[in-house]
There are 2 protein chains.
Amino acid sequence: MSDHHHDHHHDTAALTKNQSLVMGQLSSANGPLSAYTILDRLREHGFRAPLQVYRALDKLVEFGMVHRLESLNAFVACRQPGCDTHETIAFTICETCGQVAELSDPELADHLKALAAATGFVLKKSTVELRGLCRACGRA
Amino acid sequence: MSDHHHDHHHDTAALTKNQSLVMGQLSSANGPLSAYTILDRLREHGFRAPLQVYRALDKLVEFGMVHRLESLNAFVACRQPGCDTHETIAFTICETCGQVAELSDPELADHLKALAAATGFVLKKSTVELRGLCRACGRA
DNA sequence: TTGGTAATGTTATATGATTACACAATTGCG
DNA sequence: CGCAATTGTGTAATCATATAACATTACCAA
């Protein structure tokens, strides 16, 4: 159907050592992490330089296992059920607790595409990041 | 109606010296500029340190005269007709020529709000940045 | 086995943004 | 006016994010 989706099925075993270590940190974190935070946490595993983290992150993002949050300069493990199949995604970012949730809404994707197309713009990639209060923090 | 919209009407005359200089650079640029690019261009006007730029940018963004593009770490002058009245905005960013256009679509705002609300999320601010090819570059 | 590709390690540097502190200009008000 | 509060400015240092350049190692495939 889609002409450029990921046909990867990278389970953890297929990752390289550095990729696994970085993925491990992101998976066990309950929110987004900056590259340098990941670096610090992996120093005891032999990491010495930012590039070790950034290279792993590049691949993990490419595989669709990790998302980059532009408005935070941080990275988060993908929590969607079919991580490698979803297309356009929006993120909600709670300004109080820092928690990030993914929203996958085909209608939104269509809406954005149509909106862009109306001005002759060919849409390649959407960044949608919503700031506010999550359900729990909104009650406070 | 809205409880925190801008009631400012800052015409250029009301800006401070540094704010005017920064605004001048952004207005005359035909695309987004990074804070350090602005700094370099204003050195001949006496600018010496990043903070002079960032402080001016903070105010200009607050006034609604300038937008920050999260995915570029750059800033662009607002080109919308009623710069201080529009609410939610999406940006198209051409990956070839770097040109940025603003889209102001109330339906999109509603859609995002509804999407967030469906998970109990209280939306404060939306970041929507669309990457792709502008009309001119798309023809190539 | 040999040659190419991908991954890694290391140093240095580029780029983006803020903290801390001192001082000057402007505004508001008694 | 005279004074205080606020806002704007200047400067240095530092923190935070990301990439360039180059050498080496691991792995896979002909």
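Values reported hereafter were calculated over all heavy atoms of this structure, with side chains retained and with hydrogens, waters and symmetry mates removed. Numbered from 1 within each chain, the chains take letters A, B, ... in sequence-line order. Note that the structure is predicted; figures quoted are calculated from it, not measured.
Put simply, A/Asn73 has a side-chain N or O that comes within less than 4.0 Å of OP1 or OP2 on D/dA18.
Of the listed residues (A/Leu51, A/Leu57, A/Val53), just one forms a side chain to side chain contact (heavy atoms under 4.5 Å, CB included) with A/Arg55, and that residue is A/Leu51.
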A correct 5'-to-3' footprint of nucleotides 8-13 of chain D, with B, S and - meaning base, sugar-phosphate only and no protein heavy atom under 4.0 Å, is SBBB--
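Checked for salt-bridge contact, B/Arg43 and B/Asp40 meet the test: a charged N lies under 4.0 Å from a carboxylate O.
Atoms CG and NZ, on A/Leu130 and B/Lys124 in that order, are 13.5 Å from each other to the nearest 0.5 Å. Taken from CG in A/Asp105 to NE2 in B/His111, the straight-line distance is 4.0 Å, to the nearest 0.5 Å. Between atom CD1 of residue A/Ile38 and atom CG of residue A/Leu26 there is a gap of 4.0 Å, rounded to the nearest 0.5 Å. We find the CG-CG distance between B/Leu115 and B/Asp110 to be 12.0 Å, quoted to the nearest 0.5 Å. How far CG of A/Leu69 is from NE2 of A/His67: 8.5 Å, rounded to the nearest 0.5 Å.
The salt bridge (charged side-chain N to carboxylate O under 4.0 Å, His left out) check on B/Glu70 picks up B/Arg68, with sequence neighbours excluded.
The cluster map of Ile, Leu, Val, Met, Phe, Trp and Tyr, joined by side-chain heavy atoms under 4.5 Å apart, puts A/Val100 and B/Val122 in different clusters. Linking Ile, Leu, Val, Met, Phe, Trp and Tyr residues whenever their side-chain heavy atoms come within less than 4.5 Å leaves A/Val128 and A/Leu133 in two separate clusters.
Contact check of residues 32-45 of chain B against DNA chain D (heavy atom, cut-off under 4.0 Å) returns no residues at all.
Each side-chain hydrogen bond (donor to acceptor under 3.5 Å, both in side chains) pair with one or both residues in residues 130-140 of chain A, not counting sequence neighbours, appears once here: A/Ser71-A/Arg131.
Using five terminal pairs a side, the axes of the helix from C/dT1-D/dA30 to C/dG30-D/dC1 at its two ends make an angle of 30°, given in steps of 10 degrees.
Counting all heavy atoms, side chain and backbone alike, B/Cys78 lies closest to B/Gly64 at CB-O, 3.8 Å.
For DNA chain C, the outermost nucleotides in 5' to 3' order that have an atom under 4.0 Å from a heavy atom of chain B are C/dG16 to C/dA20.
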